[in-house]
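In what follows, residues are counted from 1 in the order of the sequence shown. Quick note: numbers below take in every heavy atom, side chains included, and nothing from hydrogens, waters or symmetry partners.
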Amino acid sequence: MRLDRSPLVLALALASARAPAPLAAQLVRYEVSVSASGAHLFHVKAEFPTGGKDTLYVSLPAWSPGNYEIQNYSRYVRHFGAASATGQPLFWDRLDKDTWRVTTGRQERVTVAFDYLADTIDLSLARLTPEFGQFLGTNLFLYEPGKLDRPAEVRFALPAGWQATTALKGSGSGPYSAADYHELADAETFVGKYSLDSIKVEGKWIRIALWPGELYTPGHSGNIRTDLTKIAQTEDRLMGGPPYDTYTVFFNIIREAIAFGGGLEHSAAQYDIMPVTAFADPAGTLGDFMVPLMAHEYFHLWNVKRIRPAAMWPYAYEAEQYTPLLWWSEGVTDYYADLASLRSGLWTDDMFLHNAMMDIQQVEQAPEPWSEEDGSVATWISEVFVNSSQLYYPKGALTGMLLDVAVRDATNNVHSIDDVMRALYARYYQKGKGFTTEQLLSLLREFGMPDVDGFYERYINGRDPLPYEAVLPKAGISVAKTVTSVPFLGVVAPLTDDGKWVVQLVEPGSAAQGAGVAPGDALVKIGEIDVQGAQDWSAAFRRRYQGQAGAPLIITVQRGTQTVALATRVQEHTSTAFSLSRSATPTTKQAKIWRGLATGTTGG
């Protein structure tokens with residue numbers, strides 16, 4: 001909860017009694033400059049109108065829409081200061097963790113300035129190198145609480161030879177314009193030396209900004225341009241045309257070792273980070289994740305950036321905004337990315353079904369039953385054991401596929417969830433509002449989904465296993481289920497530099513815990529399997545004790561200077577695997593449903 005802002009509330013109340021100021025008088029002017037890129041510091045100036053108030057409050061967001069974690073961007077601020085229009089320093093202090101309070105002296109306009117530390121590779125943080133800089137509007141652009149509807153202008157002061165590319169409207173060093181703070185906050189921006197290309201799709205320009213520029217070879221260029229064109233054409237056709245004037249795909253290709261690759265959506269852009277090894281091979285052939293990533297972020301143009309849960313309409317930047325609907329906003333977007341990859345011809349049928357199998361594997365390997373709605377809410381804390389910030393993607397994608405097949409089957413392929421998505425766009429976004437779970441379920445019911453409430457209670461709000469075997473065959477998809485049991489010891493024991501497998505973690509209820517294995521023990525022997533050097537002992541252990549649940553097992557460990565033999569029994573974990581394939585002999589209806597799903601059509 002934020003602190004009470006009684007002076008601000010009073011000022012807003014007084015302002016509401018007066019006629020609104022002209023837009024020009026409400027304009028907030030920003031300048032972003034780079035003087036010493038080696039210091040990883042952006043310098044930001046922001047000139048605010050005060051409306052004659054004696055106190056100005058300005059805040060930085062705590063998070064960025066689409067990236068559901070609190071980042072507290074104010075922690076990167078240094079050398080904050082405030083001045084009058086004549087350059088006279090003004091007193092300021094902190095109101096809370098995100099907000100500064102400036103005494104205006106009743107000046108009509110006040111300028112605040114600060115340096116922003118930009119040294120992190122992340123989808124919603126800023127980075128500045130000697131040759132290149134990148135930031136998101138939420139990182140640098142202050143706002144006055146309660147004044148998010150103000151227009152803004154942005155200018156850049158950059159080193160010689162640097163260019164700027166931003167999702168905002170404008171060119172060169174500026175001014176760039178934003179109609180309100182939401183547009184400003186959403187503006188991904190590159191500055192520096194990087195490649196810049198463009199293609200025209202459906203009469204609208206798509207720009208491709210990629211750093212480092214030397215990685216945008218003719219081979220990479222040809223594949224990216226071709227794939228983006230096919231993705232955009234397919235998704236534009238589904239939703240009735242592109243919802244932007246100009247769209248920008250920002251690529252940051254990382255040569256350093258990073259443990260992730262991904263993208264963040266914006267209203268007229270996407271920002272993608274990829275390790276260089278996952279981006280493309282030297283000939284320019286794109287990595288396996290590139291097409292579904294670009295397709296996913298592009299479909300967010302509609303689902304999330306425009307079709308948005310009511311709990312996030314409008315965005316509030318100071319704290320978490322909880323919604324149970326991220327399974328639809330993110331997971332079903334993943335399903336549409338897969339459909340776009342299939343419908344555009346970039347994926348084969350087998351590639352589409354293999355991806356669905358990988359989603360099933362992720363869902364089925366979750367350590368406990370898990371609700372999509374709970375995961376949507378818990379994403380803000382990124383749970384350690386049930387990583388909801390990841391699982392609502394594959395489970396939501398599978399749920400979208402099941403809903404799609406069920407609607408097509410119940411209506412003889414007259415309707416699909418394509419109709420639901422278009423209805424959400426027309427009835428909610430285009431009427432300036434978000435949607436609720438109840439409204440989504442009502443649309444599913446309207447377009448023919450049988451037993452909507454039962455499906456919701458069991459599989460979305462509930463924790464029942466998803467009904468792959470009951471639903472997918474209706475689209476001519478054969479589902480094969482295999483249950484296997486695998487011996488399970490229950491330790492995390494990495495190999496140390498001196499060649500020992502030293503226990504770090506013992507899982508509760510495991511064979512290792514039953515034996516009394518403790519962190520710090522070095523494994524010596526597991527039953528008949530020697531644990532020596534760098535050789536992987538776990539595969540040999542599973543092979544030797546497969547099918548012997550309950551059999552006696554001795555775990556030998558080195559504990560300090562002693563060698564200790566610990567008695568327990570073999571335990572096994574049961575795992576379920578599914579495989580999907582096109583049916584060799586589908587019925588006429590099954591073939592029609594698959595054809596409709598794979599091509600984005602309804603009817604016969």
Check your understanding: How far apart are the C-alpha atoms of W380 and W63, what are their side-chain angles, what is the distance that settles it, and do they pass the side-chain contact (heavy atoms from CB on, under 4.5 Å) test?
Key -> CA-CA 10 Å; W380 291 92; W63 68 289; 3.5 Å; yes

Check your understanding: For W205 and K200, what are the C-alpha separation, side-chain angles and deciding distance, and is it a side-chain contact (heavy atoms from CB on, under 4.5 Å)?
Key -> CA-CA 4 Å; W205 286 107; K200 203 167 193 178; 3.9 Å; yes

Check your understanding: Mind checking whether Y317 and H182 have ring centres under 6.0 Å apart?
Key -> yes

Practice item. Using the side-chain contact (heavy atoms from CB on, under 4.5 Å) rule, take L136 and N67 through it: C-alpha gap first, then chi angles, then the decisive distance, then the call. Key: CA-CA 12 Å; L136 180 57; N67 194 33; over 6 Å; no

Study note, to complete from the structure: dist M401:CE -> L339:CG (nearest 0.5 Å) comes out at 8.0 Å

Point to revise | Side-chain heavy-atom pair L117, L41 within 4.5 angstrom cut-off | key: yes

Practice item. Please name the pair of heavy atoms, one in P292 and one in W347, separated by the smallest distance, quoted to 0.1 Å. Key: CG-CZ2, 3.9 Å

Point to revise | Short side-chain to backbone donor-acceptor contact, Q163 and Y194, under 3.5 Å | key: yes

Review point. Distance from I253 atom CD1 to L215 atom CG, nearest 0.5 Å?
Key: 7.0 Å

Check your understanding: Hey, are the side chains of Y336 and I417 touching, using non-hydrogen atoms and a 4.5 Å cut-off?
Key -> yes

Check your understanding: Are T189 and Y176 close enough that some pair of their side-chain heavy atoms sits under 4.5 Å apart?
Key -> no

Practice item. Using only heavy-atom distances, determine whether the side chains of Q270 and E188 contain a donor-acceptor pair under 3.5 Å. Key: no

Review point. For residues E372 and T399, is any side-chain donor paired with an opposing acceptor at under 3.5 Å?
Key: yes

Review point. Salt bridge between K204 and D236, side-chain N to carboxylate O under 4.0 Å?
Key: no

Review point. Under the 3.5 angstrom rule, does the side chain of H40 hit a backbone N or O of T129 as a donor-acceptor pair?
Key: no

Check your understanding: Just wondering, do K305 and D186 contact through their side chains at under 4.5 Å, heavy atoms?
Key -> yes

Check your understanding: So, N72 and S74: side-chain donor and acceptor under 3.5 Å apart, yes or no?
Key -> no

Review point. So R155 and E153, salt bridge (Lys or Arg N to Asp or Glu O under 4.0 Å) or not? Walk me through it.
Key: CA-CA 7 Å; R155 287 177 169 83; E153 280 186 357; 3.1 Å; yes

Check your understanding: Are any non-hydrogen side-chain atoms of F156 and V191 less than 4.5 angstrom apart?
Key -> yes

**Study point:** Spatial distance of atom OG (S371) from atom NZ (K395) [nearest 0.5 Å]
**Key:** 7.0 Å

Review point. Is the backbone N or O of L125 less than 3.5 Å from a side-chain atom of Q134, with the two atoms forming a donor-acceptor pair by type?
Key: yes

Check your understanding: Charged N to carboxylate O under 4.0 angstrom, E214 versus R255?
Key -> yes

Review point. Roughly how far, to the nearest 0.5 Å, is the CG atom of D288 from the CG atom of L293?
Key: 12.5 Å

Practice item. Name the orientation class of the two ring planes belonging to F279 and F251 (parallel below 30°, tilted from 30 to 60°, perpendicular beyond 60°). Key: tilted

**Study point:** D350 and T348: side chain donor to acceptor below 3.5 Å
**Key:** no

Check your understanding: Do T166 and V154 have side-chain heavy atoms sitting under 4.5 Å apart?
Key -> no

**Study point:** No-hydrogen, no-angle side-chain donor-acceptor test under 3.5 Å, E364 and Y468
**Key:** yes

Check your understanding: Between atom CE of M290 and atom OG1 of T285, what is the distance when rounded to the nearest 0.5 Å?
Key -> 12.0 Å

Review point. With ring centroids as reference points, do Y298 and Y247 lie under 6.0 angstrom apart?
Key: yes

**Study point:** Enclosure of D349 CG (heavy-atom neighbours >12, cutoff 6.0 Å)
**Key:** yes

Review point. Distance only, no hydrogens: is a donor on one side chain within 3.5 Å (strictly under) of an acceptor on the other, for E297 and H266?
Key: no

**Study point:** Flag if over 12 foreign heavy atoms under 6.0 Å of NE2, H354
**Key:** no

Practice item. Answer yes or no: is there a side-chain heavy-atom contact under 4.5 Å between Q71 and S124? Key: yes

**Study point:** Under 3.5 Å donor-acceptor, Y216 side chain and A209 backbone
**Key:** no

Point to revise | Short side-chain donor-acceptor distance under 3.5 Å, T120 and Y76 | key: no

Check your understanding: Y392 side chain to S329 main-chain N or O, any donor-acceptor pair under 3.5 Å?
Key -> no

Point to revise | Heavy-atom check, side chain of P212 versus side chain of F132, under 4.5 Å | key: no

**Study point:** N/O donor-acceptor pair under 3.5 Å between D180 side chain and E183 backbone
**Key:** yes

Exercise for review: Would you please say whether a donor-acceptor pair under 3.5 Å links the side chains of Y393 and D359?
Suggested key: no

Check your understanding: Does R150 count as lying over the ring of F48, i.e. NZ or CZ under 6.0 Å from the six-ring centre, within 45 degrees of the axis?
Key -> no

Exercise for review: Mind checking the CD-OG1 spacing from E318 to T99? Nearest 0.5 Å is all I need.
Suggested key: 8.5 Å

**Study point:** Heavy-atom pair with the smallest gap, counting every atom of G400 and V332
**Key:** CA-CG2, 4.1 Å

**Study point:** Aromatic ring proximity, centroids under 6.0 angstrom, F190 and W211
**Key:** no

Practice item. Answer yes if the ring centres of Y73 and Y116 are under 6.0 angstrom apart, and no otherwise. Key: no

Exercise for review: Verify, without hydrogens or angle tests, whether D98 (side chain) and A62 (backbone) share a donor-acceptor contact under 3.5 angstrom.
Suggested key: no

**Study point:** Residues F435, I307; criterion side-chain contact (heavy atoms from CB on, under 4.5 Å); working and verdict
**Key:** CA-CA 8 Å; F435 70 97; I307 302 168; 3.6 Å; yes

Exercise for review: Check P394 against Q362 and note the closest heavy-atom contact, atom names and distance.
Suggested key: CG-OE1, 3.8 Å

Point to revise | Closest approach of A167 to A187 (non-hydrogen atoms, all atoms of both residues) | key: CB-CA, 4.2 Å

Exercise for review: Taking all non-hydrogen atoms of both residues into account, name the closest pair between P243 and Y425 and its distance.
Suggested key: CB-OH, 3.9 Å

**Study point:** Q535 atom CD, over 12 foreign heavy atoms within 6.0 Å
**Key:** no

Review point. Backbone N or O of G533 within a donor-acceptor pair of the W501 side chain at under 3.5 Å?
Key: yes

**Study point:** Side chain Y181, main chain F141, donor-acceptor under 3.5 Å
**Key:** yes

Exercise for review: Work out which heavy atom in S221 is nearest to a heavy atom in D197; give both atom names and the distance.
Suggested key: OG-OD2, 3.6 Å

Check your understanding: Can you tell me if S195 uses its side chain to pair, donor with acceptor, with the backbone of L210 under 3.5 Å?
Key -> yes

